[in-house]
2 protein chains.
Amino acid sequence: MSVAVVKTPRASVREGREKSIFDAARSVFAEFGFKGATTAEIARRAGIPKANLHYYFATKEALYRHVTAEVLTDWLSAASSFDEKDDSAEAIAAYIGAKMDLARADPLGSRIWANEILRGAPVIGDFLETTLANWLSSREAIVRRWIDQGKLVAMEPRYFFYMIWASTQHYADFEGQMMALNGGKPLSDEQFEVAKIQVIETLLRGVMP
Amino acid sequence: MSVAVVKTPRASVREGREKSIFDAARSVFAEFGFKGATTAEIARRAGIPKANLHYYFATKEALYRHVTAEVLTDWLSAASSFDEKDDSAEAIAAYIGAKMDLARADPLGSRIWANEILRGAPVIGDFLETTLANWLSSREAIVRRWIDQGKLVAMEPRYFFYMIWASTQHYADFEGQMMALNGGKPLSDEQFEVAKIQVIETLLRGVMP
DNA sequence: GATAAGTTTGACCAATCGGTCAATTCATTG
DNA sequence: CAATGAATTGACCGATTGGTCAAACTTATC
């Protein structure tokens with residue numbers, strides 16, 4: 001029984017098309033949200049006729065759901081970095097760093113998320129109420145333990161996570177504003193590294209006794 | 001020369017209509033952004049026919065510009081609280097508190113701003129590059145002085161302001177997410193007060209030597 | 001109470017929306 | 001190479017878009 005390891009031209013064309021549509025959709029949804037996005041603009045950015053787009057993705061909503069699903073996966077992936085260290089400071093620093101890296105590597109994903117929330121989370125609402133809520137409450141328990149052990153100052157863990165999410169995702173969602181405040185240029189790699197370290201240190205100092 | 005202090009019925013009807021259209025527009029723009037918003041939906045929320053809306057505001061863009069102008073005014077108003085104290089900690093605490101209060105009092109304004117940035121700031125871009133950039137660089141100078149005086153830790157002031165903006169505006173822009181993580185209910189006044197104090201204390205501790 | 005000015009609204013318009021479809025082109029397989 | 005199925009696309013559809021307009025209505029002024 002031989003498995004076709006080498007993709008047929010047909011299959012790789014399909015793969016390539018789906019990828020280019022997917023990428024175009026990400027950028028349009030990130031910029032305009034679900035309602036403001038148009039399939040015509042997505043097709044234009046993908047470099048194909050609109051009818052071809054609808055051959056691969058039946059509806060705008062189906063395409064949007066594909067896009068959001070990936071965003072949630074990436075979020076959870078970064079979230080796992082919180083659990084990889086035992087020490088409180090190390091775990092927090094690793095998590096903030098991972099969230100900063102994700103914001104830098106995939107700002108569109110963060111913006112798609114932000115647009116969803118602004119619209120009342122019609123698609124990812126269920127994820128927020130279940131997966132995210134569970135993730136948060138279990139990590140709150142960990143942070144509370146650290147507080148009890150005197151490793152962190154007394155505080156409400158939930159609002160600390162909000163600060164982490166806000167401060168890190170800001171570098172993706174408000175990239176345009178930062179550009180305007182940076183002489184029209186995006187943050188350089190060097191600038192971003194400084195920002196990343198500062199976010200980590202400021203937040204860590206903010207919760208260390 | 002007598003000035004009409006009491007408004008004529010006509011004038012107050014006009015005032016009321018403009019206000020209700022304005023408020024409806026704020027909520028629709030905050031939820032869907034400029035492109036996703038429709039004049040039909042704004043008219044519906046204002047409780048008037050669409051044609052009547054266009055009698056008061058010629059175009060969707062004109063209405064949007066009115067709305068954004070007010071948002072920028074409110075932002076600057078909150079910004080002034082930074083200058084009302086001489087002591088570094090007091091000035092920072094007052095500013096964060098004012099930004100938290102603004103996010104709580106007018107979440108729609110913050111969301112309209114966020115939508116603008118996500119779309120590349122086509123309307124407020126000029127404000128960002130001039131007024132906001134000037135405000136930021138002059139306050140950076142103040143913070144740098146405090147650092148030189150040993151009142152604050154060494155850091156890049158700009159990224160500290162980004163953290164303040166992110167952490168405070170998060171309470172407006174991501175209110176929907178917080179609700180989902182709070183059993184479907186918005187933050188109570190008591191919860192918000194706790195969050196507000198925690199944001200202030202965490203950020204202050206984060207930059208104090 | 002007549003006239004003018006300001007306000008309201010249903011009907012309508014061209015453009016764009018998400019989506020369909022049949023005809024055509026293309027790659028694969030027997 | 002013939003036949004089959006996947007992929008492509010221009011033309012098209014009904015619905016919705018931002019916006020117009022003339023007619024009707026309401027208030028203010030003389």
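We name chains A, B, ... by the order of the sequence lines, and we start the count at 1 in each one.
When rounded to the nearest whole Å, the span between CZ of A/Arg44 and C1' of C/dG18 equals 18 Å. Going from atom CD of A/Glu15 over to atom P of D/dA6 covers 17 Å, rounded to whole Å. Atoms OH (B/Tyr56) and P (C/dG6) sit 12 Å apart, rounded to a whole Å. Rounded to whole Å, atom P of C/dT25 lies 16 Å from atom CG of A/Asn52. Distance, A/Phe32 CZ to C/dT16 C1': 14 Å, rounded to whole Å. Atom-to-atom, CD1 of A/Ile48 to P of D/dA7 comes out at 13 Å; the value is rounded to the nearest Å. In this structure, the CD atom of A/Glu18 is 14 Å from the P atom of D/dA6, given to the nearest Å. One atom, CD1 of B/Ile21, and another, P of C/dT8, lie 8 Å apart when rounded to the nearest Å.
Distance from the side chain of B/Tyr55 is smallest to C/dT7 among C/dT7, C/dG10, D/dT8.
A/Phe57 comes within 4.0 angstrom of no nucleic acid atom, judged by non-hydrogen atoms across all strands.
The environment of B/Asp86 atom CG is sparse: at most 12 non-hydrogen atoms of other residues, nucleotides or ligands sit within 6.0 angstrom. Summarising the local packing, NE2 of B/His54 is surrounded by more than 12 heavy atoms from other residues, nucleotides or ligands at distances under 6.0 Å.
B/Lys19 has no carboxylate O lying under 4.0 Å from a charged side-chain N of B/Glu15, or vice versa, which leaves the two without a salt bridge. Looking at B/Glu31 and B/Arg45, a side-chain N of the basic residue comes within less than 4.0 Å of a carboxylate O on the acidic one, giving a salt bridge.
Taken from CH2 in B/Trp75 to CD in B/Gln169, the straight-line distance is 8.0 Å, to the nearest 0.5 Å. One finds the OG atom of B/Ser77 at 12.5 Å from the CG atom of B/Leu72 (value rounded to the nearest 0.5 Å).
Checked by atom type and distance alone, the side chain of B/Thr73 pairs as donor or acceptor with a backbone atom of B/Ala69 at under 3.5 Å.
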Anything under 3.5 Å between a protein N or O and an N or O of nucleotides 17-21 of chain D, put it in a table, one pair a line.
residue, atom, partner, partner atom, Å
D/dG18, OP1, B/Ala37, O, 2.9
D/dG18, OP1, B/Thr39, N, 3.4
D/dG18, OP1, B/Lys60, NZ, 3.2
D/dG18, OP2, B/Thr39, N, 3.0
D/dG18, OP2, B/Thr39, OG1, 3.1
D/dG18, N7, B/Lys50, NZ, 3.0
D/dG19, OP2, B/Lys60, N, 2.6
D/dG19, N7, B/Lys50, NZ, 3.2
D/dG19, O6, B/Lys50, NZ, 2.8

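In this structure, B/Arg14 does not reach the C/dG6 phosphate: none of its side-chain N or O atoms is under 4.0 Å from OP1 or OP2.
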